[in-house]
Amino acid sequence: MTRGAAVTAAGLAGSAARVAGVLLAAGHFLLSAATLAGSGRPALAFAGLAAAGGLAMAVSRRGLEWGLFFLGFTLFLFGWQAYVYPAVAFGLVLDAATLALVWRNAGRDEGRGGTGLAGAFLGSLVCLALASLLLLPWDRLGAALALFGPTGFFAAMVFSPADAPAYGLAAAWRLAVMAVFARELARCELPGRFSVLAQGVAGGLVTAIVFGLTEHFRGDHYLLHYRFTSLFANPGWFAEYAAIAAPFLLLPLAGRGLVRRGYAAACLALCAAALTLTLARAGWIAGSLTFAFAVRLYFRNGPMARFPRPYGHLPGLAVAGALVVGLAFWASGKELSAISRPINALLKERVGNFTDSPRPGLFRSGLLIAAERPVFGLGYESYARHYPVLLATPVAWLGRHGDPTAEVFETSHNMYIQLVSGLGLAGLGLWLALAGRAGWLLWRRARETAGLLDAALLLSLVAFHIYAFFQEMFYVPPVLFLLFLPLSRAMALDGAAGEREPGGLSRRPRAWVASAWMVAALGLVSYVADAGLVRTGARLGLADWRGGAVVYEGFYPPEPVAGQSMRWSAGEGFLLVRPGDVELTLFAPRPTDVLLVSDAGPLGTVRLDGAAVTRRYRLPDAGDGRARVIAVMPGSAFVPLALSGAPDPRRLGVAVAVQALEAGPDPAP
């Protein structure tokens, strides 16, 4: 292929990627804004602030710099799982930043540079994830879209827990937007953009640690948990964030002066203390990489960081040592009121029970799920949806070899197994190729230029993939976003290298690009052939994809409500109930009307006035053994955290309890 033909082909591919990226990001932004705007005035104000920030990034160079800095700095504010209010708010912020970068890159030649082999691997992986959505039950999703409307459907989608089909749709869309952000950041011409973003991440990490330590040791009581969480909802999630962001605390070591070195040492010491107090053993393993590299920098002078010997090391070491020793002595005797044990006893327990974890069983379950479709998987982020179905199916791998008494989790707690269960060996292969290519580019760049930024990005990439052995890294969006910093930098380096080549990409990289897109194309063929998991369901003897008499889609786990065990809906939701008589109990804390619609016809409207109401309905059997679907549509939904500041970040519609009854006489009208 000639240079001109290669540039033309790259330009066409780049234009197609840009159009698709704009549609994905713009649609996500508009629907996210509409969802938040209906969640109360604070959420509406936040949506307006995010839109204004994106506009400033689009039209002003200084606005872009500050926007990237604050994007990295504020990650700790959104440290929740993917289907609650903070995560949806973060999605809006990311959409605004992505559209701003798209606007600034408009008019650039798509055929020059591009994003190279790293961009091809990322693009093919995202396309494979999007193609896997064909395995979802689009008959029900289409009905939900028609009944709920675009904004109602989107709200139910982004707030759906991990066991709902719509969760996979939201997750794939989120992954695609992050990939568009990474691509546009790689192509942006702002000098120092990666450094600005990394400095923001580092500043936000230090802020979260200082605030978290203050709250954690407020008097003799803890604020959230006996394990350190800062503003995150879970200590393990904060440990992920801290371990992956910690390498950016090394950046001040590249500057001169005792103040910079002392500041860097203090930040690293605080991070070490925070990671220790999370009691997250995976965080100890992944985070140790940064501290090992810091020691190497201190005691092996080089272009990355130079310290006058022998006294240049002392200020930083003295500050770090004093902080670590002081925090250790002060904290070791602190008793936490919930358990009346000092922290040193908790640390001893965690170290002593290092192998005491449910993870091996979870890993095994994930692999058994993957065995049903090992090459291309059962759909991106679908573990929680498939687990109860396959466990209840005797002929399935999980049904034969799984443990029905095991505790149920929403993820497999291993990113690689999660990828195999969702996208198969093909998806895992693309992911490893992407990570390997990015790591190689960053390592080579750091070695050739002695750039501490590229070394920090490489350390962050490696820490992410070490932690991925112990956690499913797609579950907390701000943590997943951290991965796209090194990926974007790698795409920028790959694109610059390709632009310098006189004939474009050489034969071997072109073959890798073609192979990546061939994998995505074969995956599409596989998903089309098994659309809606019809073939897999027929092989397993499943009339429909459910594991019990009642299936809740778009509902949170059961909890005590109105004196009984009920499930809150994430706004609108679906119930899958076997044919026959069914008893529904509904509750809402304030007056509202709930519309109930079955696939056999409307069931009517139930008026709720602050007390639980029970209704009984008969669902006719269509003769094929399939479950009946009931759409539950409350007149309003609310997010307590956005509406009143109450510590509940979920979107709540109506609480529901369902009991499938044996067929009896027709219920009274």
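Taking each heavy atom of F46 and A89 in turn, the nearest pair found is CE2-CB, 3.4 Å. Between A455 and A446, the shortest heavy-atom contact is N-CB, 3.8 Å. Shortest non-hydrogen contact noted between W80 and L231 is NE1-O, 4.2 Å. Among all heavy-atom pairs drawn from A170 and V158, the shortest one is CB-CA, 4.2 Å. The two residues G523 and L128 have their closest heavy-atom pair at CA-CD1, 3.8 Å. Listed here is the closest heavy atom pair of E410 and P161: OE2-CB, 4.0 Å.
Taken from CG in L175 to CG in L125, the straight-line distance is 6.0 Å, to the nearest 0.5 Å. Note that CZ of F90 is 5.5 Å distant from CZ of F481, once rounded to the nearest 0.5 Å. Taken from CD in E472 to CG in L419, the straight-line distance is 8.0 Å, to the nearest 0.5 Å. Atoms CG and CG, from L44 and L36 in turn, are 9.0 Å apart once rounded to the nearest 0.5 Å. Of the inter-residue distances, the one linking R650 atom CZ with F159 atom CZ reads 11.5 Å to the nearest 0.5 angstrom. For the atom pair CG of L522 and CZ of F376, the computed distance is 5.0 Å after rounding to the nearest 0.5 Å.
Distance alone, capped at 3.5 Å, places no donor-acceptor pair between the S421 side chain and the I369 backbone. Remark: side-chain polar atoms of N414 are not paired, donor with acceptor, to backbone N or O of Q471 under 3.5 angstrom. S382 places no side-chain N or O within donor-acceptor distance of the main-chain N or O of G422, the cut-off being under 3.5 Å.
No side-chain heavy atom of S124 sits under 4.5 Å from any side-chain heavy atom of L434. Between F70 and V93, every side-chain heavy-atom pair lies at or beyond the 4.5 Å cut-off. A heavy-atom distance below 4.5 Å is not found between the side chains of V126 and M178. At least one side-chain heavy atom of L485 sits under 4.5 Å from a side-chain heavy atom of F248. Counting heavy atoms from C-beta outward, L432 and Y416 have side chains that approach closer than 4.5 Å. You'll find the side chain of F153 reaches within 4.5 Å of the side chain of L141, heavy atoms only. In this structure, the side chains of L185 and L190 stay at 4.5 Å or more apart for every pair of heavy atoms. P478 is not listed as a side-chain neighbour of Y241, based on a closest heavy-atom distance of 4.5 Å or more.
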For E372 and H386, what are the C-alpha separation, side-chain angles and deciding distance, and is it a side-chain contact (heavy atoms from CB on, under 4.5 Å)? CA-CA 11 Å; E372 299 299 338; H386 298 317; over 6 Å; no
Apply side-chain contact (heavy atoms from CB on, under 4.5 Å) to V88 and L92, showing your working. CA-CA 7 Å; V88 176; L92 180 68; over 6 Å; no
Determine, stepwise, if the pair R651 / T35 fulfils side chain to side chain donor-acceptor pair (under 3.5 Å). CA-CA 10 Å; R651 184 175 189 255; T35 297; over 6 Å; no
Could you walk me through whether V180 and V177 pass the side-chain contact (heavy atoms from CB on, under 4.5 Å) check? CA-CA 5 Å; V180 175; V177 171; 5.6 Å; no
For side-chain contact (heavy atoms from CB on, under 4.5 Å), just list the numbers for L423 and V420, CA-CA rounded to whole Å, side-chain angles, deciding distance to a tenth of an Å, and then say yes or no. CA-CA 5 Å; L423 298 179; V420 172; over 6 Å; no
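Just one of Y383, W431, F464, Y167 meets the ring pair (Phe, Tyr, Trp, His ring centres under 6.0 Å) condition when paired with F474; it is W431.
Here salt bridge (charged side-chain N to carboxylate O under 4.0 Å, His left out) pairs that include residues 126-153, with residues two or more places apart or in two chains, are R140-E553. Under the salt bridge (charged side-chain N to carboxylate O under 4.0 Å, His left out) criterion, the residue pairs touching residues 417-439 are R437-D494, with sequence neighbours excluded.
Below 30°, between 30° and 60°, or above 60°: for H28 and W173 the angle between ring planes is above 60°, a perpendicular geometry.
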Name every donor-acceptor pair, under 3.5 Å, that has one atom in a side chain of residues 57-67 and the other anywhere in the protein, sequence neighbours excluded.
residue : atom : partner : partner atom : Å
S60     : OG   : R62     : N            : 3.3
S60     : OG   : G63     : N            : 3.0

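Residues S488 and R193 have side chains that never bring a donor and an acceptor to within less than 3.5 angstrom of each other. Q418 and S412 share a donor-acceptor pair across their side chains, judged by distance under 3.5 Å alone.
In this structure, R18 pairs ionically with E184, as a charged nitrogen and a carboxylate oxygen lie closer than 4.0 Å.
Between F232 and F76, the ring center distance fails the sub-6.0 Å criterion.
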